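Working notes, beginning with the structure itself.
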There are 2 protein chains.
Amino acid sequence: MSPRPGDRRAVRREATRAEIVSAAWVLVREKGLAGLSLRELGARVGMRAQSLYSYFDSKDAIYDAMFRQGVEEQLAWMAAGPNADDDAADPIGSITAHLQRFFRFCTADPVRYQLLFQRTIPGFEPSAESYALAVEVLEQLHHRLRALGISDPAASDLFTAVATGLVSQQISNDPGGDRWERLIGRAVHMLVTELAPHLLAPEGRRQRRSSR
Amino acid sequence: MSPRPGDRRAVRREATRAEIVSAAWVLVREKGLAGLSLRELGARVGMRAQSLYSYFDSKDAIYDAMFRQGVEEQLAWMAAGPNADDDAADPIGSITAHLQRFFRFCTADPVRYQLLFQRTIPGFEPSAESYALAVEVLEQLHHRLRALGISDPAASDLFTAVATGLVSQQISNDPGGDRWERLIGRAVHMLVTELAPHLLAPEGRRQRRSSR
DNA sequence: GTCTATAATCTGATAGAC
DNA sequence: GTCTATCAGATTATAGAC
């Protein structure tokens, strides 16, 4: 993937774009998602605000690049966890680890969570391209649940509701703590009992949940 | 509660404050929660922005009045639903109706939900007085769950996580629709099975859930 | 590609006249 | 209690020189 000589300009350009987006994340973590200002952002990368327009068409285009990067981070982060093949051996343990991983991804950067999962910036909507990437994350969840014998589409809606509910309560009401994170084990047990009771060990010698 | 003559000034003042807060809600529903501007708000009530300072010390004081009003609306709205006494006769039906009612309250006004349940305005934190009111809502839930034999504090955390999860998914991913609202019945069944299985009819002649 | 200059407008907040 | 006047900035975005 080393650049041909003629691509050097394009490579530099992409590097600068990445630098801008990276500085935008830092800024937004300090001032809140809505607190992103081009003046301040330009200053952080040693530019006037106006020069940013050489790299992005508008402020929303910067939000979109951030959104896209956030989703890509999520894809990479989730891919690094236990994969669908592990599910067969220990379905409940795998699902718990999966939800745990998602939870950590979200709470590690609340502003990113706000951008990716809540509609809170008035004008902004992700581009079709970025949105398609976000849909891919969901498709992976669907695929995974289907492999466990859960094909009801409502099941994954219930799953995502519980997941985002735990996360948003954690972020809003106990930032930095683990009051809702500790409930992940019970939440998974609850979801599995409702959606896929066949995964539970038979009554009498009931399986101990792996985490709570 | 009719005012004594000497109170007339105070009454007028309260009326104007209420008018301002009401106009603020309208404005915020149009421009987003962060889009509240004093200039525009003043114009809506026929004042210059500066005159608003006769009624509120700061912009945040207006947010706080809105927060307080929102919580009061929630208290009134939830109080108008089935009360704790009804729970004894049909616990699952009552809990379902309760959650349904909460869901409707939240989705009826997403901006209000954002102000009450998410931390999205950078500087703003509700005053101790307003926050105490918000705590009262939670205490009522605790009391109610305790009456059903659910005394584990983690149980109500799980309950609120599921409730807000359903709401936030509905608002973010299917605004105006009912994709997650339809899951309330299953969500309650799932919660009850996990937290209070003694409320379920015995196996074999299993109770039909009241809503899905 | 970055700059200066500037458009055109908005922001929350204060002082003091009336 | 409402006004004018003003502070002391902020905002996104465009035009055009270099």
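Worth saying up front: this structure is predicted, and the values here are computed from it rather than measured. A, B, ... follow the sequence lines: proteins, then strands. Residue 1 opens every chain.
A straight line from CZ of A:Arg13 to C1' of C:dG1 spans 10 Å, rounded to a whole angstrom. Protein atom CG of B:Leu27 is 14 Å distant from nucleotide atom C1' of C:dT11, rounded to whole Å. The distance between atom CG of B:Leu41 and atom P of C:dT11, rounded to the nearest whole Å, is 11 Å. If you take NZ of B:Lys31 and P of D:dT11, they are 19 Å apart, rounded to a whole angstrom. As a whole-Å value, the separation of A:Arg12 CZ from C:dT2 C1' is 13 Å. The interatomic distance linking B:Tyr55 (OH) with D:dC3 (C1') rounds to 13 Å, in whole Å. Computed from coordinates, the B:Met47 CE to D:dT4 P distance equals 13 Å when rounded to whole Å.
Atom CG of B:Leu199 is separated from atom CD1 of B:Ile150 by 6.0 Å, given to the nearest 0.5 angstrom. B:Asn173 contributes atom CG, which lies 9.0 Å from atom CG of A:Asp157 (distance to the nearest 0.5 angstrom).
Applying the salt bridge (charged side-chain N to carboxylate O under 4.0 Å, His left out) rule to A:Glu40 yields the partners A:Arg44; only residues at least two apart in sequence or on another chain are considered.
Mapped onto DNA chain D by nearest heavy atom, A:Glu40 and B:Ser51 fall at different nucleotides, with B:Ser51 at the one closer to the 5' end.
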Where do B:Phe102 and B:Phe117 land on the ring-ring contact (aromatic ring centres under 6.0 Å, His included) test, with the steps shown first? CA-CA 12 Å; B:Phe102 174 74; B:Phe117 300 101; 5.7 Å; yes

Restricting both atoms to N or O, compile the protein contacts to nucleotides 13-17 of chain D shorter than 3.5 Å, with distance only.
residue	atom	partner	partner atom	Å
D:dA13	OP2	A:Tyr53	OH	2.7
D:dA13	OP2	A:Lys59	N	3.2
D:dA13	O5'	A:Tyr53	OH	3.0

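The listed nucleotides are D:dT4, C:dT2, D:dG1; the one nearest the side chain of B:Arg48 is D:dT4.
Nucleic acid contact class of A:Leu52 (heavy atoms, under 4.0 Å, all strands): none. Within 4.0 Å (heavy atoms only), B:Leu36 reaches sugar-phosphate atoms of the nucleic acid but no base atom.
The existence of a salt bridge linking B:Asp152 and A:Arg186 is confirmed by a sub-4.0 Å separation between a basic side-chain nitrogen and an acidic carboxylate oxygen. A salt bridge links A:Glu181 with A:Arg104: the closest approach of a Lys/Arg side-chain nitrogen to an acidic carboxylate oxygen falls below 4.0 angstrom. In summary, A:Arg112 and A:Glu73 engage in a salt bridge, as defined by a charged side-chain N under 4.0 Å from a carboxylate O.
OP1 or OP2 of C:dC10 has not a single side-chain nitrogen or oxygen of B:Ser37 nearer than 4.0 Å.
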